[in-house]
Amino acid sequence: MYGLLDCNNFYASCERVFNPSLNGEPVVVLSNNDGCVISRSNEAKALGIPMGEPAYKLKELLEKVDVHIFSSNYVLYGDMSHRVMGMLTEMVPEIEIYSIDEAFLMLDGITGVETFGRKMVRKIYKGTGIPVSLGVAPTKTLAKAANRFAKKYPGYKGVCIIDTEDKREKALKLLSVGDIWGIGRRLTKRLNYYGINTAWDFTQRTKSWVRHNMGVTGERTWLELQGKPCLEMYKSLSNKTICTSRSFGERLTDINPISEAVSNFAAMCGEKLRRQHSYATSMLIFLQTNPNATLQPQYYNQQLVQLPAPTNDSAELIHYARLVLCNIYKDCYQYKKAGVIVQDIVPERPLQTCLFDNRDRIKFEKVMETIDNVNARYGRHHLKMASQGFDRKWKLKNEKLSPSYTTSLKDILKISAK
DNA sequence: TCTGGGGTCCTAGGACCC
DNA sequence: TCTGGGGTCCTAGGACCC
């Protein structure tokens with residue numbers, strides 16, 4: 001049996017852990033740059049605030065109701081996620097971390113799954129302050145569905161199990177196609193056109209029809225819903241690509257601040273690579289105007305560079321990122337966003353080097369190690385490359401950032417006795 | 001009139017996920 | 001005026017090879 005454990009309203013719940021006065025209140029967390037809504041407490045959902053709503057559209061509502069708004073604090077969420085995943089690892093034989101707030105669990109060999117699940121949900125809440133829900137079923141796709149029910153109906157008390165044919169049929173009949181894991185907006189529209197509205201309707205189609213209309217991925221989903229596992233536990237190796245990109249806080253035309261931003265993105269990719277002990281073989285830089293500003297002249301360009309040898313050296317990544325940026329940059333546009341993607345990622349050792357490479361890689365490895373050590377101790381960006389700059393004209397908006405309660409000594413919660 | 005068949009690799013784009 | 005960021009997988013089509 002597979003389990004899917006998901007943190008409820010994760011970002012909003014993280015904000016509550018260290019600020020209990022938010023309990024019972026509507027809480028909303030905004031995306032980077034304070035752009036749109038990406039997490040809502042149940043109270044905020046009840047007010048009808050949709051997911052993805054642009055922040056400026058909330059203004060009117062905010063004048064009437066007191067909604068607590070936060071900029072996203074990924075340092076806090078990342079640390080809280082780490083705590084939850086750590087507890088899970090100790091409780092089950094195998095876990096696959098699927099996203100910042102979700103993990104698949106291998107539950108084979110565990111007897112009394114329901115009691116076990118309830119205990120797990122209670123334990124995580126007690127240990128981290130984060131409320132979670134668990135879905136259990138013979139396949140991952142069904143476990144996802146079970147998780148939805150666990151969240152939706154309070155009667156389940158956080159744990160829903162699909163372990164008989166009756167329960168499977170009942171669940172599929174209650175699940176609309178669009179809510180199936182792997183069926184997005186486009187496919188939903190197409191399926192609805194064919195009169196398929198529930199997951200049950202979908203499973204009643206023949207395998208060949210599904211294959212023909214939805215390809216191999218659709219076929220896998222179809223089989224999974226029948227209770228035949230096609231998706232296994234995925235051993236969390238390192239990522240295949242790493243991307244660092246941001247929208248700028250203001251429109252940028254001049255190349256200098258953009259170059260500064262791109263240097264920072266490249267350096268951040270380097271940090272992420274070193275943290276997972278791997279090297280990238282190629283790198284892609286992209287630059288774009290604001291696609292939502294339809295009246296403005298639009299421009300998008302990207303370029304791929306093959307690096308002379310696999311690397312995770314920030315200085316080297318910055319060097320090539322800046323070169324490429326000069327190629328794709330054109331003046332006369334108002335830029336909104338840029339990004340650096342490193343790919344073809346290989347493990348740190350054994351390393352295939354290039355015969356004609358004359359960079360002193362041993363030396364730069366030590367430099368990076370030193371920089372990482374200093375920054376671990378004195379804070380991110382304490383020590384950096386000059387090209388990363390100090391202006392941060394490109395920096396994002398996050399006016400409502402909560403403190404880094406768990407990762408910064410100066411932000412640690414103070415409790416005073418009255 | 002009439003022009004093959006089989007393969008690889010790469011890239012772009014689409015669709016999905018959180 | 002104002003709409004995020006970071007991933008995965010699959011497929012079609014072009015370029016190239018013999």
Using the six-membered ring wherever Trp is involved, compare the ring planes of Tyr335(A) and Tyr329(A) and label them parallel, tilted or perpendicular (cut-offs 30° and 60°).
tilted

To the nearest Å, give me how far apart CG (Leu273(A)) and P (dG6(C)) are.
14 Å

Validate the cation-pi geometry between Arg359(A) and Phe364(A): distance from NZ or CZ to the six-membered ring centre under 6.0 Å, angle to the ring axis within 45°.
yes

d(OH, Tyr74(A); C1', dG4(C)) in whole Å
7 Å

Enclosure of Lys45(A) NZ (heavy-atom neighbours >12, cutoff 6.0 Å):
yes

Report the distance from atom CG of Asn292(A) to atom C1' of dG5(C), rounded to the nearest whole Å.
14 Å

Assign a letter to each nucleotide of nucleotides 7-18 of chain B from its 5' end: B, base within under 4.0 Å of a protein heavy atom; S, sugar-phosphate only; -, no contact.
--------SSSS

Across the strands shown, which category fits Thr244(A) at heavy-atom distances under 4.0 angstrom: base, sugar-phosphate, nothing?
sugar-phosphate

Within 6.0 Å of CD in Glu60(A), more than 12 heavy atoms from elsewhere
no

Determine whether the aromatic ring centres of Tyr2(A) and Trp181(A) lie less than 6.0 Å apart.
no

If I take atom CZ in residue Phe248(A) and atom P in nucleotide dC2(C), what distance separates them, rounded to the nearest angstrom?
16 Å

Ranking Ala293(A) and Ile242(A) by the position along DNA chain C of their nearest nucleotide, the one closer to 5' is Ala293(A)

Does the side chain of Ser72(A) get closer than 4.0 angstrom to OP1 or OP2 of dG4(C) through an N or O atom?
no

Given Watson-Crick or G-U pairs with both distances under 3.5 Å, what dot-bracket string fits DNA chain B, with | for other-strand pairs and [ ] for crossing?
....||||||||||||||

What is the distance, rounded to the nearest whole Å, between atom NZ of Lys337(A) and atom P of dT3(C)?
11 Å

Nucleotide of dT3(C), dG4(C), dG6(C) approaching Lys272(A) most closely (side-chain heavy atoms)
dG6(C)

Taking the nucleotide of DNA chain C with the nearest heavy atom to each, does Cys243(A) or Asn33(A) sit closer to the 5' end?
Asn33(A)

Is it true that atom OH of Tyr125(A) has more than 12 heavy atoms of other residues, nucleotides or ligands lying nearer than 6.0 Å?
no

Are Phe202(A) and Trp209(A) an aromatic pair, judged by ring center distance below 6.0 Å?
no

note: Leu30(A), atom CG; dT3(C), atom C1'; distance rounded to Å ~ 11 Å

Hey, is the side chain of Asn239(A) poking within less than 4.0 Å of OP1 or OP2 on dG6(C), counting only N and O atoms?
no

Are OP1 or OP2 of dC2(C) and a side-chain N or O of Lys336(A) less than 4.0 angstrom apart?
no

Rounded off to whole Å, could you give me the CD-to-P distance for the Glu271(A) and dG6(C) pair?
13 Å

Stacked cation flag Lys330(A) on Tyr299(A), 6.0 angstrom / 45 deg:
no

Which class fits the ring pair Tyr77(A) and Tyr74(A): parallel under 30°, tilted 30 to 60°, perpendicular over 60°?
perpendicular

